[in-house]
Amino acid sequence: MTDLFTRLVVDPSREAVAEGAILLRGFALSFEDRVLPALRSVIEQAPFRHMVTPGGYTMSVAMTNCGAAGWVTDRSGYRYDRHDPETARPWPALPSSFLDLAIAAAKEAGYADFRPDVCLINRYEPGAKLSLHQDKDERDYAHPIVSVSLGLPATFQFGGPNRIDPIRKYALRHGDAVVWGGQSRLFYHGITELKDGDHEILGRMRINLTFRRAL
Ligand code: SIN
Ligand code: FE2
């Protein structure tokens, strides 16, 4: 029987993060030959931009999206939009390599039915950070979240259901995937200020792919 508990015990690349949440070290590495060219193509069609929060703060993380809709923020709020506000065109489709990676990671974490419809792409340059937040703009919290790290390492903070809950920190490196759902679907998380460095493939940046079922 290879349930989640058994896999955690026998495989040191699998790390329990919280109830329903698991870190899969290096999981994306076998997909990178397909994922990196696909990423380049998405970024050409929908370039990174620094969005503004409802409070008027320009985010240090640059973002773009692919899939049926994209996560956006502006002075009127956070939402999923079927069109890129910069171009008024639909977001680029989810590349098959992205889908394969997200579905495989979710399955490995015990979420065999996950089918993402959106992917938020975050670009962190040195100094960029993402403050503690919950992912709660999706329609149905029954679906997990799959988060893939590429490029420079970052410190991922994972807390609990309340902002003040104790936080654990995890170093996320190129190829790591984190999946959270179930009991921890709405847990607070964030990324501390990215340290400078030079990644052999991506250079001075970290890219994060966040897959969700949003619509
Ligand atoms: C996010 O919470 O949307 C992104 C987390 C990350 O960059 O790893
Ligand atoms: Fe998030």
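Both counts, for ligands and for their atoms, begin at 1 and track the order of listing. Not measured: the values here are computed from a predicted model. By convention here, the first residue in the shown sequence is residue 1.
- Using a 4.0 Å cut-off between charged side-chain N and carboxylate O, Glu138 and Lys136 make no salt bridge.
- Between Asp74 and Arg79 there is a salt bridge, with a side-chain nitrogen of the basic residue lying less than 4.0 Å from a carboxylate oxygen of the acidic one.
- Distances between N or O atoms of His133 and those of ligand 1 include at least one value under 3.5 Å.
- Atom 7 (O) of ligand 1 has its closest protein heavy atom at Tyr124 OH, 2.6 Å.
- Annotation for ligand 1: atoms under 4.0 Å from non-hydrogen atoms of Ser147 are 8 (O).
- In this structure, atom 1 (C) of ligand 1 lies nearest to the protein heavy atom Leu130 CD2, 3.5 Å.
- The atom of Asp135 that is an N, O or S and sits closest to the Fe ion (ligand 2) is OD1.
- Within ligand 1, counting atoms from 1 as listed, the ones closer than 4.0 Å to a heavy atom of Arg212 are 3 (O).
- Aromatic rings of Trp71 and Tyr78 (six-membered ring for Trp) have centroids within the 6.0 Å cut-off, being under it.
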Report task. Report the C-alpha distance between Arg34 and Asp100 in whole Å, list the side-chain angles of each, state the deciding distance to 0.1 Å, and finish with yes or no for salt bridge (charged side-chain N to carboxylate O under 4.0 Å, His left out). Result -> CA-CA 10 Å; Arg34 293 172 59 215; Asp100 292 349; 3.0 Å; yes
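- Atom 8 (O) of ligand 1 has its closest protein heavy atom at Arg206 NH2, 2.9 Å.
- A salt bridge is defined here as a Lys NZ or Arg NE, NH1 or NH2 lying under 4.0 Å from an Asp or Glu carboxylate O, and Asp196 with Arg204 meets this definition.
- Shown in contact with His189 at under 4.0 Å from a heavy atom are these atoms of ligand 1, numbered in order with element: 2 (O).
- Leu194 has its side chain within reach of Arg206: a pair of non-hydrogen atoms, C-beta onward, lies under 4.5 Å apart.
- Checking only distances, Ser149 never comes within under 3.5 Å of ligand 1, N or O to N or O.
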